[in-house]
Amino acid sequence: MKKFFLISFVSCLFSLLGVAQQKYTISGHVKDAASGEDIIGASVFSVESKLSVAANIYGFYSLTLPEGKHTITVSNLGYNNFTQVIELNKNILLDINLEIRSEQLKEVEITSEKSDANVKDIQMSVAKLDIKTIQKVPAFLGEVDLIKVIQLLPGVSTVGEGATGFNVRGGSIDQNLVLLDDAPVYNSSHLFGFFSVFNPDAVKDVKLYKGGIPSQFGGRLSSLLDVRLKDGNNKTYHAEGGIGLLFSRLSIEGPLVKNKSSFIVAGRRSYFDLFFPLSKNKDIRESKAYFYDLSVKLNYILNEKDRIYLSGYFGRDVFGAGNPEFGFDLGNATGTLRWNHIYNSKLFSNVSLIYSNYDYRIGVGDNFDGFNWKANIINYIVKPEFTYYLNPKNTITFGGSATYYTFDPGKLLFYSKGEKREIGSEPKYALENALYAGNEQRITGRLSFQYGLRFSNFNYLGKGTAYYFRDTIPNVRRDTIRTQTYDNFETIKSYNNLEPRFSLKFEVSDQSSIKASYNRTTQNLHLISNAAASTPLDVWIPSTNNVKPQIADQVALGYFRNFREDNMYETSVEVYYKEMKNQVDYIDGADLLLNKLLEGELMNGTGRAYGLELYLKKAKGDFTGWVSYTLSRSERKVNGINNNEWYPNRFDKAHNLNLVGMYTLNKKLEFGSTFAFGTGTPATFPTNRIEYQGYIIPHNIDGSRNNARIPVYHRLDLSATLHLKDKRSGKYKHDLVVSVYNVYARKNPFSIYFRGNPENPQQTQAVQFSVVGNIIPSVAYNFKF
Amino acid sequence: MNMKTKHILSLGSLFFFFFIFSSCEKVIDVDLEAGEEQLIVDGFITCFFDTVALSSGIENQVIKLRKTAPYFNNSSAAPALGAKVIVTNLLSNIPFEFKDDDNDGNYTYTGPFQLSLTNPPLGFPGSAYRFDINYKGEEFTAQNYMDSVPLIDSIKFIFQEQAIQGPDTLKAGYGIDQILSRGTNGSLSPTKDIKGEGTCYWFKTFKNNKFYNEPDEMNLAYDAAFGPGSDNVAFIPPIVFSLAPERFNIGDEIKIECWSIGLPTFYFLNLARTQMNNEGLFATPATNVPTNIVNKNKNSKVKAVGWFGAASVSYVTQKVK
């Protein structure tokens with residue numbers, strides 16, 4: 001099989017060499033005329049040759065055309081079209097500045113893409129969200145949250161309110177690669193999952209790949225969430241910010257050197273702890289609870305061919321209480337240095353140096369009675385990427401990456417009456433290398449392929465101890481049979497994987513297309529969590545001699561159709577089937593924290609997920625919004641669980657329906673609404689009770705897992721935005737957002753569990769737990785100048 | 001949820017749930033299928049030591065046999081009658097027959113008791129035990145081992161102001177600061193875990209003879225803490241503080257029992273505790289607790305549940321002054 005892919009891949013590459021003919025290349029950047037921000041995905045089109053190309057994520061485009069006169073049209077939703085006639089008799093460098101269309105129009109459009117991209121682009125199973133759209137969706141406590149909006153898209157779901165992360169096409173939350181300016185983010189939540197770490201004021205573009213993932217991306221099984229920060233306005237200074245119930249925000253952007261260099265600094269901090277000192281209660285007065293984050297980006301255009309970007313994120317959640325103080329703080333820090341270089345009009349490169357760190361610390365007391373617990377995951381990444389615009393029919397991407405990981409899966413130093421002990425596991429190390437090459441090939445005007453191959457090499461390295469366990473009955477803690485120690489950088493275990501990727505698009509008509517894709521993905525990092533919602537204490541571990549890489553194969557088929565001349569309505573239908581190998585599972589009662597023998601508590605299973613996704617979007621007009629519906633199933637089979645039969649995953653939902661609507665009444669007033677409906681998630685219900693030592697223990701006589709469902713979830717949210725005008729200066733804009741979450745105050749179940757009545761433990765009862773049990777109104781004030 | 005996680009997350013989540021909005025719980029009606037009835041084995045072979053290491057060694061030993069019932073059946077478990085129960089001390093190889101003379105499902109051994117080291121009594125640390133039962137024609141067996149236990153000399157109470165803990169307010173009163181043991185030289189020091197990794201304990205607190213019996217009051221220790229790595233140090237503060245599930249008043253008579261239960265029993269009880277209290281955002285998958293009761297006939301489909309335990313137990317009784 002692998003051989004077949006290699007041969008077909010190589011032969012495809014050779015087929016690229018087309019017939020020689022005098023051709024020249026026009027290339028450059030597409031930018032926002034007012035701010036100088038790169039415009040991602042703008043379409044550059046030659047009217048005469050009917051050839052087009054889309055600007056890449058740095059706004060760079062390259063289009064090779066026959067010699068002669070060409071009318072170049074550049075378009076992007078939300079911007080006026082740009083048209084210029086050029087005489088092409090040599091390679092031409094042309095930077096294009098697009099003017100934002102009039103304010104009113106801009107406000108009602110919900111993506112920044114060209115309006116038929118969903119049909120014309122080869123990419124399927126992709127959702128692109130513009131930050132303006134994200135800001136219009138009614139938000140929990142008025143805090144704009146891009147992860148929450150992503151959960152309203154087809155194929156994306158969550159196990160429940162307050163749960164960190166999201167599930168894509170039946171994958172678990174650690175199967176999403178979340179990138180912030182290319183840096184992986186290991187915990188995308190503040191406050192245990194209620195808010196995402198992304199500051200909406202600093203985000204430019206969000207793109208979610210659920211399938212048909214191009215070969216340049218790898219490392220996770222189920223999805224890629226690519227979040228790009230704004231570059232900052234390189235012409236004038238601006239500030240924006242707001243005060244919500246939870247956060248106050250401020251961002252400032254502007255030129256460092258006009259037209260050459262810009263910066264953006266955006267910060268947020270929660271401030272409810274500022275009211276603690278007012279409390280009459282001493283414990284609250286002396287408590288700490290806040291979170292903050294800071295996003296920073298600088299960029300500098302060195303010359304026509306070189307540009308560098310430096311971006312960083314730093315955020316933490318901090319809690320503390322009691323005497324002696326019990327403290328808990330956690331957070332991510334990332335940094336990315338990127339260098340864009342244009343070798344020639346056809347070859348574009350970007351080299352990124354990336355750092356990412358997620359860590360937490362918990363501590364109480366001192367060196368007599370106390371403890372100090374730390375865990376982290378740190379990455380150092382080098383990632384060179386190249387795009388070669390061979391000709392209008394072939395765009396070749398190739399590159400690689402090397403990632404050095406250090407894992408500290410948790411170490412606790414504790415003191416009991418002055419005696420010191422250490423608990424937990426020693427650090428782990430790994431090196432992951434990847435090489436990839438791919439091509440997007442236009443066969444005819446209507447038929448395109450995208451194919452590629454990614455090679456992944458993962459090395460679990462010393463210094464460290466490898467544990468070898470006895471094979472025993474599944475779902476029973478395994479004993480260690482031997483251990484072996486390894487030196488610095490000595491390879492303990494290596495894994496190599498080939499990941500073929502293939503996509504196809506056929507345009508049935510100007511407004512409709514059929515797309516299909518197959519991709520294999522592998523994953524060598526595993527989030528160790530067996531709770532319904534991942535906790536911030538959960539740790540990541542690498543593939544080891546005991547934990548094998550997760551591997552997924554996904555096929556998807558889709559039909560895309562737009563309606564009306566102006567592509568007013570976009571629709572799509574997609575079906576997918578995904579198989580996942582080496583899924584990590586846990587023995588009953590597994591001890592996952594601070595356990596050096598953790599790998600003996602893990603099991604290995606297979607997963608499968610399949611579904612149907614329907615999507616209807618109205619992108620233009622006073623009324624915009626979308627409807628998404630997903631019919632799906634996500635299951636798992638693990639020896640030792642559920643009598644070795646398939647059972648639904650904790651986050652499995654058969655039906656998932658989301659309605660999002662936004663209405664602009666006039667220049668002053670806008671409304672937003674969201675309705676979400678989902679099948680209840682699975683749960684395990686007992687059949688019997690075991691009375692033991694006076695306690696009542698629930699028992700399921702069949703030993704089945706997830707044999708029942710909790711009731712359905714549904715929720716309506718509304719918001720109204722009042723745009724206020726400051727008459728003294730036209731520049732200062734501000735608005736007031738009133739939103740209501742869970743309008744009809746439904747107590748949506750998160751889980752149902754069984755217990756003895758606290759008043760009389762002999763009497764057993766079923767208890768429904770709702771994270772949000774009430775209507776939650778909020779108000780936020782935002783400003784911009 | 002794991003106890004460690006619970007301790008830590010309860011603090012953080014407290015703030016949020018408390019100040020910002022209302023997470024809520026409500027008791028609901030759920031239709032459950034009822035499974036067939038099974039035999040429950042519920043018993044520990046024990047050996048009690050008072051503060052000066054005087055082992056009674058002559059207490060009656062009881063193993064309860066009961067039957068499982070549908071989960072929402074709220075009456076006490078029905079007794080399993082007519083079983084033949086034998087516990088063998090594997091050190092001396094002496095079998096002891098347990099009898100249910102009152103027909104209440106409490107199978108009891110009431111003597112005679114032997115009191116010599118060469119011919120140890122039924123319950124004594126360092127012994128292993130085999131439990132054999134014949135019930136309705138099915139033969140089950142189980143084994144366990146009795147670990148040693150640290151002696152407790154006294155309790156040190158401490159006065160505490162009113163405080164907020166989670167959604168509750170704790171009234172002012174006495175908590176437990178330390179439990180103390182007497183060294184060979186007669187000095188008092190905080191009670192330590194017995195040397196050797198994986199000695200596990202179940203602390204039981206009684207106030208005026210009433211046992212704190214709620215699942216979340218089940219106070220379990222793995223060595224001196226919650227997991228491996230805490231061997232042979234004083235029990236850590238979270239375990240000691242939890243010995244007082246509420247604030248005591250002057251005059252309350254407090255009894256603390258330290259049951260040395262062994263690692264397998266710890267895992268069983270720890271999982272049972274989780275299953276009885278599997279609430280909230282970070283609940284773990286609901287699962288059955290294991291059992292060490294094995295049907296001798298591997299082909300039989302009849303299974304039993306419950307756990308046959310063995311524990312040496314030290315205890316101290318003290319009035320709050």
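The figures here come from the full heavy-atom set of this structure, side chains too, leaving out hydrogens, waters and symmetry mates. Reminder, nothing fancy here: chain letters follow the sequence lines and each chain counts from 1.
- Nearest heavy-atom pair, B:Glu36 versus A:Ile701, reported as atom, atom and distance to 0.1 Å: O-CD1, 3.0 Å.
- Comparing B:Gly309, B:Pro190, B:Pro290 by how many heavy-atom pairs each has under 4.5 Å with chain A, the most go to B:Pro190.
- No donor-acceptor contact under 3.5 angstrom links the side chains of B:Asn74 and A:Gln762, judged on distance only.
- Within the 4.5 Å cutoff, side-chain heavy atoms of B:Tyr267 are placed close to those of A:Arg477.
- In terms of non-hydrogen atom pairs under 4.5 Å with chain B, the most contact-rich of A:Gly160, A:Ala533, A:Gly589 is A:Ala533.
- Contacts of A:Arg705 with chain B are made by side-chain atoms alone, with heavy-atom separations under 4.5 Å and no backbone atom involved.
- With a 4.5 angstrom heavy-atom cutoff, A:Ser529 does not touch chain B via any of its atoms.
- If you tally non-hydrogen atom pairs under 4.5 Å between each of A:Pro698, A:Ser534, A:Gly162 and chain B, the highest count goes to A:Pro698.
- Expressed to the nearest 0.5 Å, how far CZ of A:Arg755 lies from CG of B:Asn278 amounts to 12.5 Å.
- Atom OG1 of B:Thr291 sits about 7.5 Å away from atom CD1 of A:Ile690, to the nearest 0.5 Å.
- Rounded to the nearest 0.5 angstrom, B:Asp231 CG and A:Ile423 CD1 are separated by 10.5 Å.
- Separation of atoms CZ (A:Arg421) and CD1 (B:Ile236) is listed at 12.5 Å; rounding is to 0.5 Å.
- Heavy-atom pairs under 4.5 Å with chain A were tallied for B:Phe211, B:Phe235, B:Phe268; the largest tally goes to B:Phe268.
- Side chains of B:Glu279 and A:Val767 form no contact here, defined as non-hydrogen atoms less than 4.5 Å apart.
- Between the OH atom in B:Tyr71 and the CD1 atom in A:Ile696 there is a gap of 8.0 Å [rounded to 0.5 Å].
- Taking the charged nitrogens against the carboxylate oxygens, B:Lys64 and A:Glu691 have no contact shorter than 4.0 Å, which rules out a salt bridge.
- Proximity to chain B (any heavy atom under 4.5 Å) is shown, for A:Leu597, by neither the backbone nor the side chain.
- With a 4.5 Å cut-off on side-chain heavy atoms, B:Thr68 and A:Arg689 do not count as touching.
- A:Pro686 has its side chain within reach of B:Leu32: a pair of non-hydrogen atoms, C-beta onward, lies under 4.5 Å apart.
- The side-chain heavy atoms of B:Asn232 and A:Glu419, taken from C-beta on, include no pair separated by under 4.5 Å.
- The backbone N or O of A:Asn700 sits less than 3.5 Å from a side-chain atom of B:Asn288, completing a donor-acceptor pair.
- Of the atoms belonging to A:Glu422, it is backbone heavy atoms, and not side-chain ones, that fall under 4.5 Å from chain B.
- Using a 4.5 Å cut-off between heavy atoms, B:Ser76 touches chain A through backbone and side chain atoms alike.
- Heavy-atom distances place both the backbone and the side chain of B:Ile28 under 4.5 Å from chain A.
- Listed options B:Gly306, B:Ala34, B:Pro285 were ranked by heavy-atom pairs under 4.5 angstrom with chain A; first place goes to B:Pro285.
- Residues B:Thr287 and A:Thr684 have side chains not in contact (no heavy-atom distance under 4.5 Å, counting atoms from C-beta outward).
- For A:Lys596, the NZ atom sits in a loose shell: 12 or fewer heavy atoms of surrounding residues, nucleotides or ligands are nearer than 6.0 Å.
- By the neighbour-count criterion of 12 heavy atoms within 6.0 Å, atom NZ of B:Lys171 is densely surrounded, having more than that number from other residues, nucleotides or ligands.
- Taking the six-membered ring for Trp and thresholds of 30 and 60 degrees, A:Tyr692 and B:Phe44 have ring planes inclined between 30 and 60 degrees apart.
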(request) Check step by step if salt bridge (charged side-chain N to carboxylate O under 4.0 Å, His left out) holds for A:Lys747 and B:Glu25. (result) CA-CA 9 Å; A:Lys747 292 178 173 26; B:Glu25 288 185 339; over 6 Å; no
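- Within 6.0 Å of NZ in B:Lys303 there are 12 or fewer heavy atoms belonging to other residues, nucleotides or ligands.
- With a 4.5 Å cut-off on non-hydrogen atoms, A:Phe754 touches chain B through its backbone and its side chain both.
- Atom CD of A:Gln768 and atom SG of B:Cys24 lie 7.5 Å apart (nearest 0.5 Å).
- Contact tally against chain A (heavy-atom pairs below 4.5 Å) for B:Gly43, B:Ala69, B:Ala234: the top residue is B:Ala69.
- For B:Gly35 against A:Thr687, the heavy-atom pair with the smallest separation is N-CB, 3.5 Å.
- A:Tyr695 and B:Gln275 are not linked by any side-chain donor-acceptor pair at a separation below 3.5 angstrom, with hydrogens and angles left out of the test.
- Contact annotation for B:Ala77: both backbone and side-chain heavy atoms come within less than 4.5 Å of a heavy atom of chain A.
- Of the two parts of B:Val305, only the side chain, counted from C-beta on, holds a non-hydrogen atom closer than 4.5 Å to a non-hydrogen atom of chain A.
- Chain A forms the most heavy-atom pairs under 4.5 Å with one residue out of B:Leu271, B:Asp29, B:Val289, and that residue is B:Leu271.
- The backbone N or O of A:Asn530 sits nowhere less than 3.5 Å from a side-chain atom of B:Thr284 that would complete a donor-acceptor pair.
- Side-chain contact between A:His699 and B:Gln38: present, with at least one pair of heavy atoms (C-beta onward) separated by less than 4.5 Å.
- By the 4.5 Å heavy-atom criterion applied to side chains, B:Val233 and A:Phe414 are counted as neighbours.
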